[in-house]
Participant: 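Dumping the structure here so I can ask a few things about it.
Heavy atoms only: backbone and side chains are in, while hydrogens, waters and symmetry mates are out.
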Amino acid sequence: MKVYNTLSGQKEEFAPQSDEVKMYVCGVTPYDDAHIGHAMSYIVFDVIRRYLQFRGYKVKYVQNVTDIDDKIIDRAGKLGIPPAELAEKYTTSYFEDMDALNIERADIYPRATEEIPKIIEVIQGLIDKGYAYPAGGSVYFRVRNDPDYGKLAHRSLDSMMAGECAVGGEEKEDPMDFALWKASKPGEPYWESPWGEGRPGWHIECSAMSLKYLGDTLDIHGGGQDLVFPHHENEIAQSESFTGVKPFVKYWLHNGLVQLGEDKMSKSLGNLITIKQALEKYSPDAMRIFILSSHYRSPLTYSEEGLEAAERGAERIARVISRDDPTGGVGEALNAEPYQKQFIEAMDDDFNTPQALAVLFDLARGINQAADSGISFQDAKGVLLSLRAILGLRRRDVVIEVPTARLTITTYAPTVVTEAQLPPEIKPLVEERERLRKAKKWQEADKIRAKLDEMGIILEDTPESTIIRWKRKR
RNA sequence: GGCGACGUAGCCAAGUGGUUAAGGCGGGGGUCUGCAAAACCCCUAUGCACCGGUUCGAAUCCGGUCGUCGCCUCCA
């Protein structure tokens, strides 16, 4: 298995420290609804985690919630509510989105505000070792004392200085130094520390949490490419300086960024589409297919057409899974092993989900062919189910028997569907149409079909039954 | 300005030295169907931004040109 490591800039053979992969992915700062960019990152790492598990690894997955930060304080101030309340609101919203997208929960979600003792311990350790210094109630990391600084971003300190004139710097020894601890202003939330009242700087919480929950060396650290510098660079500096252990992370994985038209989708540009907005129009499976259709390290341009295409694809795979094998598994059977092998080959090559998805569609076609020609596909369907689960796809179609006819209800709900969920006015219409069809009154029958179509119900006649299909996405 | 990525069919997107350039969506034709829908079959890039070079052979390596984007500042 090969993974692309940002640190080396190359694909490397994946060799974790043990059978339990220690995985840390940068989480959110909850001050607003999560957007498509978040969806991309967390779907990508969800798939990576699922695949590692499929390959037999145990995975310990930790994701932080940075629930105290300048942005939270600013936004809460504007809204006139306590920062903690704002953070809580959007943390809840975040979990709703993750659940809706079928992203498995991390094992631990440490929150910055609950990890202050560890954060202070790390900062104090850095001061003791000469890597940090207090100034004006804050504490800064002394970048010049870390000869490795810049190794992740592949940049030298001097080249960083050259481009942009230094930021801040009033009490810093060096303009590139960054804050580990920030002195609080009056009215801001604060915690007691050896350096006075204050709060953690942006990068320190990730170092403290990952060291606490996963140890001195992580196997995988993930996040968006926009975090490479300065966030992850600073994490390396903090962590390796504190522990003296190198590397802090064996494999740095970064996903490409979502673009909206010409520009990156970002907070500062304000051109965000939230996950909640997208889910109003598109199913979770469509979102996942859309995102997984391009390689995780490539930029992804959000487009309605792309989502529409993904929606069709999601539907196709769900339909295959709803097909029954009439052979009962007897006789000639479709062998899905070659597909599974190809899927694994694709995923083993730095998580090539576009190719893996192509294999899934090939297998779907194979199953449909088998079904159309009376070849058993039970086992193949099992393979399709297990492979698509790695990508987190889960649309299901449910067959329901009613007294007058055998009906199949198609839905995208993750939960069990019963006839009771079918709107009561639907069934009589379907039955009436069936009577008209038997009487060969085609025009009247078609009128009912058209009427149902307007109600969001699609009817598909098959030799055995009529399939009732919901147009709705969920 | 510095660092980096990318430019493949109508759209999206794999492939990164060697038979006919994956897959999805869309489009065209057909089978099935009362008609549809679904499914299946066939077709839809003599060519991979452009120009040179290396090679028996390049979308794939090298050089150049043009274009797009990201990071360097809060960001997944």
Participant: Is A:Asp74 paired with A:Lys71 through a side-chain N to carboxylate O contact shorter than 4.0 Å?
Facilitator: no

Participant: Tell me: CG of A:Leu300 to P of B:A5, nearest whole Å?
Facilitator: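 The answer, rounded to whole Å, is 20 Å.
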
Participant: Which of these nucleotides, B:C71, B:G34, B:C69, is closest to any side-chain atom of A:Asp461?
Facilitator: B:G34

Participant: Closer than 4.0 angstrom, basic N to acidic O: yes or no for A:Asp69 and A:Arg199?
Facilitator: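 No, no charged N to carboxylate O under 4.0 Å.
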
Participant: Considering only NZ, NE, NH1 and NH2 on the basic side and carboxylate oxygens on the acidic side, decide whether A:Arg75 and A:Asp32 come within less than 4.0 Å.
Facilitator: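 Result for this pair is yes, salt bridge flagged.
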
Participant: Nearest to the side chain of A:Leu227, heavy atoms from C-beta on, is which of B:A14, B:C41, B:A76?
Facilitator: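 Looking only at side-chain atoms, A:Leu227 lies closest to B:A76.
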
Participant: Quick check on B:C25: is either OP1 or OP2 less than 4.0 Å from any side-chain nitrogen or oxygen of A:Arg316?
Facilitator: yes

Participant: Just the rounded figure in Å: distance from P of B:U16 to NE2 of A:His295.
Facilitator: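 Computing the A:His295:NE2 to B:U16:P distance gives 12 Å.
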
Participant: Between the side chains of A:Glu434 and A:Arg437, is the shortest nitrogen-to-carboxylate-oxygen separation below 4.0 Å, so that they form an ion pair?
Facilitator: yes

Participant: Check whether any side-chain N or O of A:Gln369 sits under 4.0 Å from OP1 or OP2 of B:C41, and answer yes or no.
Facilitator: yes

Participant: Among the candidates B:A22, B:C72, B:C40, find the nucleotide nearest to the side-chain atoms of A:Phe229.
Facilitator: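 The answer is B:C72, which lies nearest to the side chain.
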
Participant: Quickly work out the A:Arg155 CZ to B:G70 C1' distance and round it to whole Å.
Facilitator: 11 Å

Participant: Compare the minimum distances between each of B:G23, B:A76, B:C72 and the side chain of A:Pro230, then state the nucleotide with the smallest one.
Facilitator: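 From the listed options, B:C72 comes nearest.
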
Participant: Please determine if a side-chain N or O atom of A:Arg365 lies less than 4.0 Å away from the OP1 or OP2 oxygen of B:C41.
Facilitator: yes

Participant: Looking only at atom P, what distance separates B:A45 and B:G24, rounded to whole Å?
Facilitator: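 Per the computed distance, 16 Å lies between those P atoms.
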
Participant: Rounded to whole Å, please give me the gap between NE2 in A:His232 and P in B:G70.
Facilitator: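 Those two atoms, NE2 and P, are 20 Å apart.
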
Participant: Do A:Lys276 and A:Asp97 meet the salt-bridge criterion of a basic N to acidic O distance under 4.0 Å?
Facilitator: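 A:Lys276 and A:Asp97: salt-bridged.
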
Participant: With nearest nucleotides of RNA chain B determined for A:Gly256 and A:Tyr296 from heavy-atom distances, which residue corresponds to the more 5′ nucleotide?
Facilitator: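 This one resolves to A:Tyr296.
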
Participant: Verify the neighbour count for atom CD of A:Glu13: are there more than 12 heavy atoms of other residues, nucleotides or ligands below 6.0 Å?
Facilitator: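 Atom CD in A:Glu13 is crowded, with more than 12 foreign heavy atoms closer than 6.0 Å.
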
Participant: In terms of side-chain geometry, is the basic nitrogen of A:Asp285 or A:Arg288 positioned less than 4.0 Å from the acidic oxygen of its partner?
Facilitator: no

Participant: Can you give the dot-bracket line for RNA chain B, using ( ) for pairs inside the strand, [ ] for pairs that cross earlier ones, | for pairs with another strand and . for unpaired bases, where Watson-Crick and G-U count if both distances are under 3.5 Å?
Facilitator: ((((((((.[[[..)..(....]]]((((((.......))))))....[[[[[..)....]]]]])))))))....

Participant: For B:A14, does OP1 or OP2 lie under 4.0 Å from any side-chain N or O of A:Ser298?
Facilitator: yes

Participant: Any side-chain N or O of A:Arg319 less than 4.0 Å from the OP1 or OP2 oxygen of B:A37?
Facilitator: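 Indeed not, no polar side-chain atom of A:Arg319 lies that close.
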
Participant: Let's see if you get this right: which residues in residues 440-450 of chain A place a heavy atom under 4.0 Å from RNA chain B?
Facilitator: A:Trp442, A:Asp446, A:Arg449

Participant: Considering only atom C1', compute the distance from B:C32 to B:C42 and round it to an integer number of Å.
Facilitator: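 Those two atoms are separated by 16 Å.
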
Participant: In terms of side-chain heavy atoms of A:Ala358, which of B:A22, B:G70, B:A37 is nearest?
Facilitator: B:A22

Participant: Mapping A:Phe45 and A:Asn368 to their closest nucleotides on RNA chain B, which lands nearer the 5' end?
Facilitator: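 Nearest nucleotide further toward 5': that of A:Asn368.
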
Participant: Is the backbone N or O of A:Leu292 less than 3.5 Å from a side-chain atom of A:Thr353, with the two atoms forming a donor-acceptor pair by type?
Facilitator: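 Present.
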
Participant: Which residue, A:Tyr4, A:Tyr251, A:Phe351, forms the ring pair (Phe, Tyr, Trp, His ring centres under 6.0 Å) with A:Phe14?
Facilitator: A:Tyr251

Participant: Starting the side chain at C-beta, find the nucleotide from B:A76, B:C71, B:C40 nearest to A:Val258.
Facilitator: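 Looking only at side-chain atoms, A:Val258 lies closest to B:A76.
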
Participant: Rounded to whole Å, please give me the gap between CD in A:Gln259 and P in B:A5.
Facilitator: 16 Å

Participant: Verify the contact: side-chain N or O of A:Arg312 to OP1 or OP2 of B:G26, cut-off strictly under 4.0 Å; return yes or no.
Facilitator: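 It does, given that an N or O in the side chain of A:Arg312 lies less than 4.0 Å from OP1 or OP2 of B:G26.
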
Participant: Calculate the interatomic distance between A:Tyr90 atom OH and B:A76 atom P; express it in whole Å.
Facilitator: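 Between P of B:A76 and OH of A:Tyr90: 15 Å.
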
Participant: Output yes when at least one side-chain N/O atom of A:Asn352 is less than 4.0 Å from OP1 or OP2 of B:G15, else no.
Facilitator: yes

Participant: May I ask you to check if A:Arg155 and A:Phe229 form a cation-pi contact, with NZ or CZ under 6.0 angstrom from the six-membered ring centre and within 45° of the axis?
Facilitator: yes

Participant: Any non-hydrogen side-chain atom of A:Pro284 less than 4.5 Å from a side-chain atom of A:Leu279?
Facilitator: yes

Participant: Measure CD/A:Glu308 against P/B:C11 and give the value in whole Å, please.
Facilitator: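 Rounded to the whole Å, the gap is 18 Å.
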
Participant: Determine the interatomic distance between C1' on B:C6 and the same-named atom on B:C48; round to the nearest Å.
Facilitator: 14 Å

Participant: Which whole-number value in Å describes the distance from A:Gln355 CD to B:G15 P?
Facilitator: 6 Å

